[in-house]
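Each chain gets a letter, A, B and so on, in the order its sequence line appears, and its residues count up from 1. All heavy atoms count here, side chains included; hydrogens, waters and symmetry mates do not.
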2 protein chains.
Amino acid sequence: MITFEEAEIRARIIKALSHPVRLMIVELLKDGELPFSKINEVFESDKSTVSKHLLVLKEAGIVSSRKSGLDMIYRLEMPCVTDFFNCITAVIENNIKKQQICLCR
Amino acid sequence: MITFEEAEIRARIIKALSHPVRLMIVELLKDGELPFSKINEVFESDKSTVSKHLLVLKEAGIVSSRKSGLDMIYRLEMPCVTDFFNCITAVIENNIKKQQICLCR
DNA sequence: TTCCTTGTTGGTAAATATACCAACTATTGA
DNA sequence: TCAATAGTTGGTATATTTACCAACAAGGAA
C-alpha cells in the first residue's frame with residue numbers, strides 16, 4: 001500500500017493539473033515550447049494570473065522555463081501527457097455512457 | 001486546441017484525484033471493490049471525512065457504490081488507473097533527477 | 001542613463017475545500 | 001417495535017485557491 005506521504009507527493013502534482021487554465025497551458029505546450037506572450041494571448045485573464053498558473057505548473061515540475069532576451073520560454077516536462085489525458089478522457093466517456101443508461105430506464 | 005469548457009470538465013475529474021486521502025482510496029480499490037468499513041479503517045480521520053472523500057470520487061465518476069445489507073460497497077471505475085499513476089510517478093522521478101543535477105553543481 | 005517592453009511579485013477580497021462534531025437515515029437483529 | 005450498527009448529511013471554523021490590480025525587476029533600445 002502507498003503511504004500517506006507518498007500520496008501527498010502525488011497529490012501535489014495532480015493538484016497542479018486540476019485547473020482548466022493550467023490544463024489548457026499543458027495542451028498548448030504539447031507540441032513544443034512557447035514564450036509567455038504566446039501562452040498569455042490565449043487567455044482573457046490578467047497576465048499576472050497566467051504567470052501564477054505557470055508558476056504552479058513549474059513548482060510541480062510539469063513545465064520548465066528559461067529566459068531568452070525579454071521572453072520567458074516555457075517547456076512541457078511531461079512526456080506522458082497524452083496517456084494522462086487519454087485516461088481522463090476515458091473516465092469522462094464512461095460517465096457519459098453511464099448517464100445514458102440512467103436516462104433509458 | 002481544447003476549449004475552456006472541455007478543460008473544465010477534465011479539471012473536475014483531476015481535482016477529485018488531487019487529495020492524498022482520495023489517492024489512497026483509489027489505490028485501495030485497485031484490486032477490487034471494498035465496503036466502506038474497510039476503507040474507513042485505513043484512515044485516522046472521522047468516518048464522515050472518509051465518506052465525503054468517497055462522495056467526491058463518486059461525483060467525478062471515479063468510483064461507484066452499491067448498498068449490500070448494512071454495507072456500502074465501493075468500486076473503482078477507472079481501468080486506466082495504472083497508466084495514470086505511472087505518469088505521475090514519471091513526473092516525480094524527473095523532479096528527483098533534476099534536483100540531483102542541481103545539487104551536483 | 002532613460003525609456004520601454006516583458007513578465008513576476010505583493011496585496012486583497014471572494015470563492016472553494018477541508019476536517020470535525022452532531023444529528024440524521026437506513027438496515028438488521030432482538 | 002425497539003435498539004444497535006453502518007454510513008451520510010448538516011453545520012461550522014479554518015485553510016487554501018483564485019483573480020484582479022498595482023507595483024516591481026530585468027533586459028533591450030534610444
Going from CG on B:Leu29 to NZ on B:Lys38, what distance comes out if it is rounded to the nearest 0.5 angstrom? 13.5 Å
For A:Lys30, does the NZ atom have more than 12 heavy-atom neighbours from other residues, nucleotides or ligands under 6.0 Å away? yes
Are B:Ile73 and B:Leu34 side-chain neighbours, meaning at least one heavy-atom pair lies under 4.5 Å? no
For A:Ser64, which of A:Glu77, A:Glu33, A:Lys58 qualifies under side-chain hydrogen bond (donor to acceptor under 3.5 Å, both in side chains)? A:Glu77
Check the distance between C:dG7's C1' and A:His53's NE2 and give it to me in whole angstrom. 15 Å
Comparing nearest nucleotides in DNA chain D, the 5'-proximal residue of the pair A:Ser48, A:Lys67 is A:Ser48
Assign each of A:Lys47 and B:Leu55 the nucleotide of DNA chain D bearing its closest heavy atom; nearer the 5' end lies the nucleotide of B:Leu55
Between P of C:dT8 and CG of A:Leu54, the distance in whole Å: 7 Å
Comparing B:Ser45 with B:Leu70, nearest DNA chain C nucleotide closer to 5' gives the residue B:Ser45
So CD1 of A:Ile13 and SG of B:Cys87: to nearest 0.5 Å the spacing works out to 10.0 Å
Please determine whether a side-chain nitrogen or oxygen atom of A:Ser51 lies at a distance below 4.0 Å from atom OP1 or OP2 of C:dT8. yes
Let's see if you can work this out: which of C:dG11, C:dA19, C:dG7 has an atom nearest to the side-chain heavy atoms of A:Met72? C:dG7
With a 4.5 Å limit on heavy-atom distance, are the side chains of B:Glu59 and B:Leu55 in contact? yes
Which nucleotide span of DNA chain D, 5' end to 3' end, has atoms closer than 4.0 Å to non-hydrogen atoms of chain B? D:dT5 to D:dG11
Would you say that A:Ile2 contacts A:Arg10 through its side chain, given a criterion of any heavy-atom pair below 4.5 Å between the two side chains? yes
Please give me every residue in residues 7-44 of chain B whose heavy atoms get under 4.0 Å of an atom in DNA chain C, ordered by residue number. B:Lys15, B:His19, B:Arg22
When all nucleic acid strands are considered with a 4.0 Å heavy-atom cut-off, which category describes B:Lys52: base, sugar-phosphate, or nothing? base
Kindly compute the distance separating CE (A:Met24) from CE (B:Met1), expressed to the nearest 0.5 Å. 4.0 Å
Pairwise distance CG(B:Leu28) to OH(B:Tyr74) - rounded to 0.5 angstrom: 13.5 Å
Check the distance between C:dT12's P and A:Asp46's CG and give it to me in whole angstrom. 17 Å
